[in-house]
Structure formats: C-alpha cells, structure tokens
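Report on the structure given below.
Whatever order the structure lists ligands and atoms in, that order sets their numbers, starting from 1. Numbering of residues begins at 1 and proceeds along the displayed sequence.
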Amino acid sequence: MSHDENVEPKCCRRDFLGKAGVSAFLTAVGLAGVGSLVGLSPSVMPDPSKQFKIGPPQDFPPGTARVFEEEKVVVISDEEGIYALSLVCTHLGCVVTLDKGREQFDCPCHGSKFTMEGMVMKPPAPRSLDRYEVSLVSGGQMMVDQNVRLGPNEKLKV
Ligand code: FES
C-alpha cells in the first residue's frame, strides 16, 4: 500500500470549507447586528426637512385651504386663526383629499371622512388628523413644524 504525501486528505479540505462558511456567516450576523444598533440610535436633532415656510399671514385670508403636496399638509385659515393638518389618514396612512365643496377630507382607501378641523366624521380612521404647529418666524413668514403636534382647535392667532 503506497501513501502519496501530495494528496491532501478530504477531511482537511472539508474542515477548511466548513470553517470558512461559519466565519462568513458570523461576519454577516455581526454586520447585521451593528446595522440594527445604528438604526436604533435616537435622533437627537429634529429633522429640519419637517419644517417649511409657507409665507406671510396675509397670504392666508379666512377661507383659505392651501395644500402642500410634497409635505402632505394642508394649511387652513378661518376666522379664529391659521392651522396645519396632516393629509395622512390615521387609519392606514393613505393621503386624504380635500373636498372643498363639502368642506371635508376624504380618504380614497377605506372611506374615512374628516371635518375641516381634522375630526373624524366617518371611520374606520381611529382618530383625528395630526395638527402641526404654525408659528411666525423672522421676516414676517409663517412656518409649519411637523415635529410639533398640537391639540384640537389650537390655531395661530394673527
Ligand atoms: S387609510 Fe384612510 S380609511 Fe383606511
């Protein structure tokens, strides 16, 4: 029986491939873990993109309802003041549309309806539309801040 020393035994090659596979797997799991931890870190600074200027109050006389499509916000002015509502339905997140004739918001997905104040007129939406802060900033402009949510009926008095 001869023994060829140049032939690598099958057991060692298999062991090497097995260890390489385990190593690659552990590296992938480690990277995924680090990625999740980064994703879980709290955001200390508010997202500046959630604040936007809308112009001076005189551009919003009572009766105005101006939709800002990109931000999914409507700014409404009535005799009591100016307020901003989210156009994102509180049921499952579809974008509601303004029906100016009926003075209400309609959700195209499951039929919820909201008043001009954002209150639920018809479910399944479980709660009113989010209301955002509107404030006066430098230069006589108004700004909507989607980081600050207000209670019902809160408006900027001008
Ligand atoms: S997402 Fe608006 S009613 Fe369902």
Does R66 count as lying over the ring of F60, i.e. NZ or CZ under 6.0 Å from the six-ring centre, within 45 degrees of the axis? yes
Hey, could you give me each pair passing salt bridge (charged side-chain N to carboxylate O under 4.0 Å, His left out) that has a residue in residues 80-97? Not counting sequence neighbours. E80-K155
So do I76 and I82 actually touch side chain to side chain, heavy atoms under 4.5 Å? no
Pair up each side-chain donor or acceptor in residues 108-116 with any protein partner under 3.5 Å, not counting sequence neighbours, and list the distances.
unit_1 : atom_1 : unit_2 : atom_2 : d
H110   : ND1    : H91    : ND1    : 3.1
S112   : OG     : A125   : N      : 2.8
K113   : NZ     : D106   : OD1    : 3.4
T115   : OG1    : E117   : N      : 3.2
T115   : OG1    : G118   : N      : 3.3
T115   : OG1    : M119   : N      : 3.1

In this structure, CG of L85 is separated from CZ of R131 (nearest 0.5 Å) by 5.5 Å
Hits for side chain to side chain contact (heavy atoms under 4.5 Å, CB included) against V88, two or more places apart or cross-chain, chain-then-number order -> K72, S86
Sort by chain and number the protein N/O/S atoms found under 2.8 Å from atom 2 (Fe) of ligand 1. C89 SG, C107 SG
